[in-house]
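The sequence lines fix the lettering, A, B, ..., with proteins before strands; numbering per chain opens at 1.
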Number of protein chains: 2
Amino acid sequence: MKADVDRRPVTLEEVARVAGVSRATVSRVVNGVATVDRELRQVVEKAISTTGYTPNRAARSLVTRRAGAIGLVLPDEGRTLHDPYFGRVVAGVLPVIRPLGVQLVLTTTDPGGHREVVDDVRQRRLDGVILIHTHGADPLPRLLIESNLPVVLAARPVRPMPITYVDVDQAAGAGLAVDHLVARGCRRVATITGPLDAPAGQDRLRGFREAVARHGLPEPLVVEGDFSREGGAAAARELVAAEGRAGEGFDGLFVASDLMATGALPVLRNHGLRVPEDVKVVGFDDSSPAVECDPPLTTVRQPVEDMAAEMARLLVERVERPDRPVSSVVFAPTLVVRRSG
Amino acid sequence: MKADVDRRPVTLEEVARVAGVSRATVSRVVNGVATVDRELRQVVEKAISTTGYTPNRAARSLVTRRAGAIGLVLPDEGRTLHDPYFGRVVAGVLPVIRPLGVQLVLTTTDPGGHREVVDDVRQRRLDGVILIHTHGADPLPRLLIESNLPVVLAARPVRPMPITYVDVDQAAGAGLAVDHLVARGCRRVATITGPLDAPAGQDRLRGFREAVARHGLPEPLVVEGDFSREGGAAAARELVAAEGRAGEGFDGLFVASDLMATGALPVLRNHGLRVPEDVKVVGFDDSSPAVECDPPLTTVRQPVEDMAAEMARLLVERVERPDRPVSSVVFAPTLVVRRSG
DNA sequence: CTGAAAGCGCTTACAG
DNA sequence: CTGAAAGCGCTTACAG
């Protein structure tokens, strides 16, 4: 085989010449337009395969005004990229856009780089974007909405805004955790929450409280965390201290993220509390720490791949019909039972 | 702000009209061609900012024959995407290509989908590709070389071929591990290797043996693993059994991947061997299991981000000058000391 | 230093 | 059902 890059790629023009038809006809068969005569189509198809033709995407983009690519935007923090969540999103998105011939472009918003993302869309390098891990202060969602560019969020926005998003039913997830603790015989439950200025933090706490009430359990211990391992450890220390003061123990603990749970576990152990014998622990996320830590965590799992696939579908639809109203889809979480609870 | 997507984007043409110059001149200032008169340049720059012009990439690509995008190709296995290694690669690549205005496109090779990757490059949707996690049977590297398309491998190819790659000095990494075990007082060392049909498996074993010889240690126990957790557990069982038969213990263990180490650790513990008191363990990769497992692993770390940045640089260079000879760059590993060894 | 013009490789009304 | 032609928005020799 000769150097494909040296010799100029085959163009429509050449295929047309070989097939003895016009460029328009070749274009029609390439794009599967139905109105082409059977025999002509076959002639063209043969010409395509003998010449090894493959369409130039830039040329097509120029006239169709479609980039044929969508962006996956993450905040520029190492943390995010190393989180397996990111890979699960990619694994969910790829299978839906691949058959459509759409590429997935990865971007991070470096400090002050929000403009770049908007520009990428305006330059028609991207038909739309999926935003994951956006936090409250992030101006990007609003920037994109104001520019009327197709965008889908990976979670309910912090402040209500007219935007398409996909989320898991956070409250229901917390409910699953409490139901499980109760089913395992827990009577006094506690929780380490996420940051309460984040929707996920709020919703998981709300779901927790609702489930506690539903089961008729006594007033639970509640300590706020921040989704970090250290935050989980600190909250756990507060919890065991409070326990001493109140003179009442807890036998079930719902931690609003696995990462916080990995911080809390050693604290409980050092305090003489065995997991799951003395206190049963349930996390949230089913992230990799959940399976690596000791004991492995019973945890609430989000169907991330399914959610990501849905985000891709919604985005593609918005690209196609920008005028359609925004929508949101909420997925049901599941419980993964391991040894901690 | 009005809907940017409804109104047609501003073109060069309009900027030219506003500035009262030709399209060629606007193009020159946009592309930073030095020969433009100072004053004219300023007029044009003002026109650009008042119109909010941003160049259409497809149009530019069409004439420059550059996609302005490179691909990151991974095998289509869930495993790969969930591996934090993947995120580290992305984190390394992005900062080098971003300032160049180059996009990073993610692709997996679904079964029989190698052709697609080649096509993406031939369609000029991708200027070149970075291949990670390619295994011996993967036909893609050869396919790309034969098509003379710019490609960089994330590791030394299984079989020698004229290809640009970046790797870590695997043997040196194993040497680091042995040096550390010896420094900690180990006298009889053992190893669980990677699959010996993979370069990484071979090189780490070679480095291990060389270091053992260098330190004048007795003949070590060697059991082959396969880089999986279960493989690590199986190998560890073999090791403790062999230990019994031979009547000789080992007090230091080098496991050629962290994941295998997480499988081996419980086996050692169940066999009454305390880590690190009875046997010190060193892993390889510094992957997330290394920090999550109990005890946290002392391990050999690859400078993945630096390596990925170098891959990006090499690829961009190859895109620019396809005629240049292939090259390879080897990075030095470091040792991360935790509690296991 | 600047502009007129050709051309990159497609798609898509518009005729026929 | 098919083709001639215009046009998508740029860059780049080529003159001047």
Worksheet item: Would you say a side-chain N or O of B:Thr64 is under 4.0 Å from OP1 or OP2 of D:dT11?
Response: no

Practice prompt. Please answer whether the main-chain N or O of B:Thr108 pairs with a side-chain N or O of A:Arg98 as donor and acceptor at a distance below 3.5 Å.
Written response: yes

Discussion item. Taking the nucleotide of DNA chain C with the nearest heavy atom to each, does A:Asn31 or B:Val63 sit closer to the 5' end?
Written reply: B:Val63

Worksheet item: Any side-chain N or O of B:Thr25 less than 4.0 Å from the OP1 or OP2 oxygen of C:dT2?
Response: no

Practice prompt. Calculate, to the nearest 0.5 Å, the distance between atoms CD1 and CZ belonging to A:Ile48 and A:Arg41 respectively.
Written response: 9.5 Å

Worksheet item: How many angstroms lie between atom CD1 of A:Ile70 and atom CZ of A:Arg318, to the nearest 0.5 angstrom?
Response: 14.0 Å

Discussion item. What contact category does A:Arg23 fall into here, base, sugar-phosphate, or nothing, at under 4.0 angstrom with non-hydrogen atoms?
Written reply: base

Worksheet entry | Residues B:Arg23, B:Glu14: salt bridge by 4.0 Å N-O rule | no

Worksheet, complete the sentence: Testing C:dC10, D:dC8, D:dC10 for proximity to the side chain of A:Arg65, the answer is D:dC8

Item to complete: Whole angstrom is fine here: how far is it from CD in B:Glu13 over to P in D:dG7?
Response: 12 Å

Item to complete: Could you tell me the separation between the CZ atom of A:Arg41 and the C1' atom of D:dC1, rounded to a whole number of Å?
Response: 11 Å

Worksheet entry | B:Thr54 and B:Pro9, any side-chain heavy atoms less than 4.5 Å apart | no

Practice prompt. Return the value, rounded to whole Å, for the distance between atom CG of A:Leu62 and atom C1' of C:dG7.
Written response: 12 Å

Discussion item. Just N and O in the side chain of B:Ser22: are any of them under 4.0 Å from OP1 or OP2 of C:dG3?
Written reply: yes

Worksheet entry | Whole-Å gap separating P (C:dC8) and CZ (B:Arg66) | 17 Å

Practice prompt. Look at all strands and tell whether B:Val36 reaches a base, only sugar-phosphate, or nothing, counting heavy atoms closer than 4.0 Å.
Written response: sugar-phosphate

Discussion item. The side chain of A:Arg60 is closest to which nucleotide in this list: D:dC10, C:dT11, C:dG3?
Written reply: C:dT11

Worksheet item: Would you say a side-chain N or O of B:Asn56 is under 4.0 Å from OP1 or OP2 of D:dC8?
Response: no

Worksheet, complete the sentence: Separation of C:dG9 atom P from A:Ile48 atom CD1, nearest Å, is 17 Å

Response to the item:
In A:Val29, A:Thr25, A:Val26, the residue satisfying side-chain contact (heavy atoms from CB on, under 4.5 Å) with A:Leu40 is A:Thr25

Fill in: Consecutive Watson-Crick or G-U pairs in runs of at least 3, all under 3.5 Å, in which DNA chain D is involved
C:1-3 with D:14-16, C:5-12 with D:5-12, C:14-16 with D:1-3

Discussion item. If you only use heavy atoms from C-beta on, which nucleotide in D:dT2, C:dG3, D:dC10 is closest to the side chain of A:Asp37?
Written reply: D:dT2

Practice prompt. Would you kindly give the CG-to-P distance between A:Leu12 and C:dC10, to the nearest whole Å?
Written response: 4 Å

Worksheet entry | Min side-chain heavy-atom separation B:Leu144-B:Ile163 under 4.5 Å | no

Worksheet item: Which whole-number value in Å describes the distance from B:Gln42 CD to C:dT2 P?
Response: 12 Å

Worksheet item: If only side-chain N and O atoms of B:Arg38 are considered, is one of them under 4.0 Å from the OP1 or OP2 phosphate oxygen of C:dC1?
Response: no

Item to complete: Kindly indicate whether the side chain of B:Arg28 and the base of C:dG3 share any N or O donor-acceptor pair separated by less than 3.5 Å?
Response: yes

Worksheet item: Would a line drawn from the ring center of B:His133 to the ring center of B:Tyr85 be shorter than 6.0 Å?
Response: yes

